[in-house]
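To start, the structure itself, in C-alpha cells.
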Amino acid sequence: MLSITVKGNAHKVNHFLYELSQLMELKLIPEEVEVTDAEEREVTCDVQHQPASKLSVVRLQDRSGCEIAIPMLDLVCAELEDGKYVLTGRCYDLFS
C-alpha cells in the first residue's frame, strides 16, 4: 500500500483526488483531512494499487485433442449466439 499527501488549493486538491478515484486500478482510502483556511486543504490518503490482469490465455482445441494456447492482451470476448464467440485483443511474438 502507498500513502500520498496532497496539499494546495482546495478546489484543485478536490479535482485531483476525484481524477485519481476514477482510475479503476487505484482505490483511495482518505485518512486525514486538514483545512488550513477556506482556500487551502491537505489530504493524506492510502492508495491500494489493484492492477487488472491484462494478459489472458486463449486455449483452442481441435477435434484430435491438440491444444493451442495463445496469450492475448486486453482480451474482449463476445458471444454472438449459442456457442459462437468473437474474441478480440492484441497478441505479440516476443521473438519477432
Side-chain angles (χ1 to χ4, degrees):
M1 187 172 323
L2 302 171
S3 181
I4 61 170
T5 300
V6 182
K7 181 179 179 180
N9 177 280
H11 176 72
K12 289 182 179 180
V13 168
N14 291 340
H15 185 70
F16 178 76
L17 292 175
Y18 173 76
E19 286 187 0
L20 274 182
S21 69
Q22 296 305 304
L23 297 174
M24 292 176 58
E25 295 180 350
L26 298 180
K27 180 179 178 184
L28 294 181
I29 305 167
E31 283 187 352
E32 180 181 324
V33 176
E34 181 179 319
V35 179
T36 54
D37 60 37
E39 294 184 12
E40 293 292 314
R41 185 172 184 205
E42 181 176 336
V43 179
T44 300
C45 296
D46 283 337
V47 180
Q48 289 180 342
H49 185 233
Q50 302 169 330
S53 176
K54 294 186 175 203
L55 179 67
S56 300
V57 178
V58 176
R59 298 184 189 282
L60 304 175
Q61 188 174 30
D62 67 7
R63 291 183 181 167
S64 65
C66 293
E67 187 176 275
I68 301 170
I70 305 169
M72 297 186 75
L73 295 169
D74 302 323
L75 179 68
V76 176
C77 178
E79 185 174 12
L80 295 178
E81 53 188 59
D82 290 334
K84 294 185 181 180
Y85 296 89
V86 172
L87 304 173
T88 184
R90 297 180 293 133
C91 60
Y92 62 92
D93 182 4
L94 182 65
F95 300 106
S96 65

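Both backbone and side-chain heavy atoms feed into the values below; hydrogens, waters and symmetry mates do not.
Residues passing the salt bridge (Lys or Arg N to Asp or Glu O under 4.0 Å) test with Asp46: none are found, sequence neighbours excluded. In this view, Glu39 and Asp37 satisfy the side chain to side chain contact (heavy atoms under 4.5 Å, CB included) rule, not counting sequence neighbours. Contacts of Glu79 classified as salt bridge (Lys or Arg N to Asp or Glu O under 4.0 Å), with partners at least two apart in sequence or in another chain: none. With sequence neighbours excluded, the residues forming a side chain to side chain contact (heavy atoms under 4.5 Å, CB included) with Ser64 are Asp62, Cys66, listed by chain and number. For Glu67, the salt bridge (Lys or Arg N to Asp or Glu O under 4.0 Å) test picks out Arg59, with sequence neighbours left out. Residues satisfying the salt bridge (Lys or Arg N to Asp or Glu O under 4.0 Å) test with Arg63, not counting sequence neighbours, are none.
Annotation for Met1 and Val47: closest pair CG-O, 3.4 Å, computed over non-hydrogen atoms. In plain terms, the two heavy atoms of Ser21 and Leu28 that are nearest each other are N-CD1, 3.9 Å. The two residues Cys91 and Pro71 come nearest to each other via the heavy atoms CB-O, 3.5 Å. What you find for Arg90 and Asp74 is that their closest heavy atoms are NH2-OD2, 2.6 Å.
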So Ile4 and Thr44, side-chain contact (heavy atoms from CB on, under 4.5 Å) or not? Walk me through it. CA-CA 6 Å; Ile4 61 170; Thr44 300; over 6 Å; no

Kindly determine whether Val58 and Leu75 satisfy side-chain contact (heavy atoms from CB on, under 4.5 Å), including the steps that lead there. CA-CA 9 Å; Val58 176; Leu75 179 68; 3.9 Å; yes

Test log, rule side-chain contact (heavy atoms from CB on, under 4.5 Å), inputs Met72 and Ile70: CA-CA 6 Å; Met72 297 186 75; Ile70 305 169; 3.9 Å; yes

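Of the inter-residue distances, the one linking Lys12 atom NZ with Glu40 atom CD reads 10.0 Å to the nearest 0.5 angstrom. Between Leu20 atom CG and Cys45 atom SG the span is 8.0 Å, to the nearest 0.5 Å.
Tracing side-chain contacts under 4.5 Å through hydrophobic residues (I, L, V, M, F, W, Y), one reaches Val6 starting from Leu2; they form part of the same cluster.
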